[in-house]
Protein chains: 2
Amino acid sequence: MIAGISTRLGPADAALRRLRALGDLDAAAIAAIEAASTRSRCLAPHEEILSERERISGATLLLEGWAMQVRVLADGRRQILDFLLPGDLIGHCHQEAPVASSTVITLTRARICPAPDPMVSPTLDHAYRMSLALDEAHYLRQITRLGRMNAHERTLDLFLELYDRLALAGLATDGSFAMPATQEVLADLLGLTSVHINRVIQQMRKLGEIGWSRGHLELHDLAAQRDLLGWHPVHVSSRWPRRD
Amino acid sequence: MIAGISTRLGPADAALRRLRALGDLDAAAIAAIEAASTRSRCLAPHEEILSERERISGATLLLEGWAMQVRVLADGRRQILDFLLPGDLIGHCHQEAPVASSTVITLTRARICPAPDPMVSPTLDHAYRMSLALDEAHYLRQITRLGRMNAHERTLDLFLELYDRLALAGLATDGSFAMPATQEVLADLLGLTSVHINRVIQQMRKLGEIGWSRGHLELHDLAAQRDLLGWHPVHVSSRWPRRD
DNA sequence: CGCCCTTTTGACGAGCTTCAATTCTGGTGG
DNA sequence: CCACCAGAATTGAAGCTCGTCAAAAGGGCG
């Protein structure tokens with residue numbers, strides 16, 4: 001079992017919570033996820049899950065821990081495209097003979113398992129599609145962050161995104177959550193240097209916007225920060241439509 | 001007919017070429033596209049095709065002209081997320097009851113039609129999936145551009161992307177293509193100001209990297225520029241697998 | 001021909017980077 | 001239990017890229 005994660009819950013617990021939040025799952029879907037999670041395997045930090053431009057064998061479900069999609073330029077500059085959190089799908093895509101569009105590396109110790117086939121239940125298929133739509137929303141948000149926000153806004157906006165995403169999996173409440181990324185990792189995601197991120201973070205602490213110590217992040221006024229950044233709930237689609 | 005576009009070709013010509021480049025289309029697919037293109041309609045520049053957070057009625061196919069996915073911050077800052085070029089699908093997504101993830105506006109005069117239902121042919125369905133995968137690749141490329149490239153690299157990288165995308169639809173050859181975007185539009189896509197874009201462009205002209213006048217852009221050494229930026233062909237998937 | 005949008009230019013300032021050194025922290029072994 | 005170590009956070013000084021403001025020049029279309 002991974003340190004810092006409750007042992008009273010099944011290994012798929014957070015992931016299951018997230019998928020259920022994306023759409024009601026029927027018994028078949030839940031059983032399939034629980035079955036898949038028994039074939040999970042544990043990864044150390046910085047282990048590669050997918051390699052850019054290599055074939056993907058099948059979709060993977062991230063059960064515990066964080067991972068990141070990464071792209072590295074010829075001269076070594078690194079851009080982190082997105083974080084992957086418990087319950088996120090890795091290498092899930094739209095086509096046969098798929099090829100990884102980016103490298104995926106664990107950030108922390110992590111547990112993964114093969115993602116159950118969406119054919120087992122239309123509700124699971126729906127949840128997967130929602131997950132894909134959310135991925136796209138995250139990319140668009142990241143583009144906006146990098147293109148048109150300053151360092152302070154980028155950092156705050158990222159924290160708000162992480163809070164909402166982790167809350168889906170039950171891993172964040174009351175504006176606070178476990179934050180395993182280093183400032184250097186944040187810098188590579190936000191298109192900044194770790195030195196500058198550090199200065200921004202210190203200012204945010206001074207202003208009382210956040211608290212961050214020992215891997216635990218606290219957002220002090222969610223509502224105020226959200227409308228500072230023009231937040232509105234991500235709403236990619238309605239719930240799984242029920243037949244009346 | 002739209003000025004500057006050959007009148008000897010059907011209105012769906014460039015779009016059809018692009019989709020055929022994404023995977024061999026069978027007769028049913030081609031017929032469906034040609035049928036859909038007879039129900040096309042013409043839009044003026046700056047007309048809205050989709051509105052963020054509103055319901056999408058169905059996917060749209062861009063036949064001629066350019067459009068752009070846009071997001072506007074509360075204080076008016078604008079980020080262009082991506083350009084949409086002839087043959088691109090608009091509002092194509094993974095789920096029922098879909099909601100637009102961003103606003104889509106025409107950049108030039110444009111012609112659109114309802115995208116034919118992918119159910120008419122598995123080859124068409126495959127082309128649509130390829131198109132989705134390419135969209136994702138464009139987002140990731142845009143994130144990398146904004147996060148880890150300087151102004152000069154961003155501009156060059158964008159031009160190379162546009163060249164490759166337009167070439168798919170037969171709208172670019174020998175390193176040159178019609179470029180309808182203003183420098184201000186480029187700035188809003190590349191996360192810069194139009195003043196700075198202007199200075200970068202002038203430098204590129206002086207260095208002999210590009211020529212750009214009267215809406216026509218020329219890249220002077222594709223190969224050299226490509227490996228300057230670590231280019232490699234976008235390869236999201238194999239062609240439609242043929243049954244042996 | 002004249003208007004409006006786009007491009008271009010200049011001067012100045014701010015935000016972020018770079019480099020380098022120092023302090024802190026959590027984990028390890030004696 | 002404490003000394004030690006490596007990675008992470010922090011600090012300072014200096015400089016460059018890019019933004020801002022403002023004004024002028026160009027170019028296409030009615």
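Reminder, nothing fancy here: chain letters follow the sequence lines and each chain counts from 1.
Although no hydrogens or angles enter the test, the distance criterion places a donor-acceptor pair under 3.5 Å between the side chain of A:T182 and the main chain of A:V185. Put simply, the side chain of B:Q142 gets close to the backbone of B:L189: a donor and an acceptor are under 3.5 Å apart. Under the 3.5 Å distance criterion, the side-chain polar atoms of A:R77 are matched with a main-chain donor or acceptor of B:R148. A donor-acceptor distance shorter than 3.5 angstrom exists from the side chain of A:R141 to the backbone of A:D157, with no hydrogens or angles considered. In this structure, the side chain of A:R205 engages the main chain of A:W212 through a donor-acceptor pair within 3.5 Å. A distance-only check finds a donor-acceptor pair linking the side chain of A:Q225 to the backbone of A:E209 [under 3.5 Å]. Judged purely by atom type and a 3.5 angstrom limit, A:T108 uses its side chain to pair as donor or acceptor with the backbone of A:W66.
If you find the closest nucleotide of DNA chain C to A:R214 and to A:I197, the one lying nearer the 5' end belongs to A:I197.
Boundaries of the chain A contact region on DNA chain D are D:dA8 to D:dA13, first to last in 5' to 3' order (nucleotide atom under 4.0 Å from a heavy atom).
The interatomic distance linking A:Q203 (CD) with C:dG15 (C1') rounds to 12 Å, in whole Å. Taking atom CG of A:D75 as the reference point, atom P of C:dT18 lies 11 Å away to the nearest angstrom. The distance between atom NE2 of B:H196 and atom P of C:dT9, rounded to the nearest whole Å, is 15 Å. In this structure, A:L190 places its CG atom 11 Å from P of C:dC16, rounding to the nearest Å. Whole-Å rounding puts the A:H152 NE2 to C:dG15 P distance at 13 Å.
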Which nucleotides of nucleotides 3-8 of chain C have their base under 4.0 Å from a protein heavy atom (B), which only their sugar-phosphate (S), and which neither (-), written as one string 5' to 3'?
-> ---SSS
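A:G215 comes within 4.0 angstrom of nothing in the nucleic acid, heavy atoms only. A:R199 comes within 4.0 angstrom of a base, heavy atoms only.
Side-chain atoms of A:S37 and A:R111 form no donor-acceptor pair, as typed in the model, at a separation below 3.5 Å. A donor-acceptor pair shorter than 3.5 Å cannot be found between the side chains of A:R199 and A:Q202.
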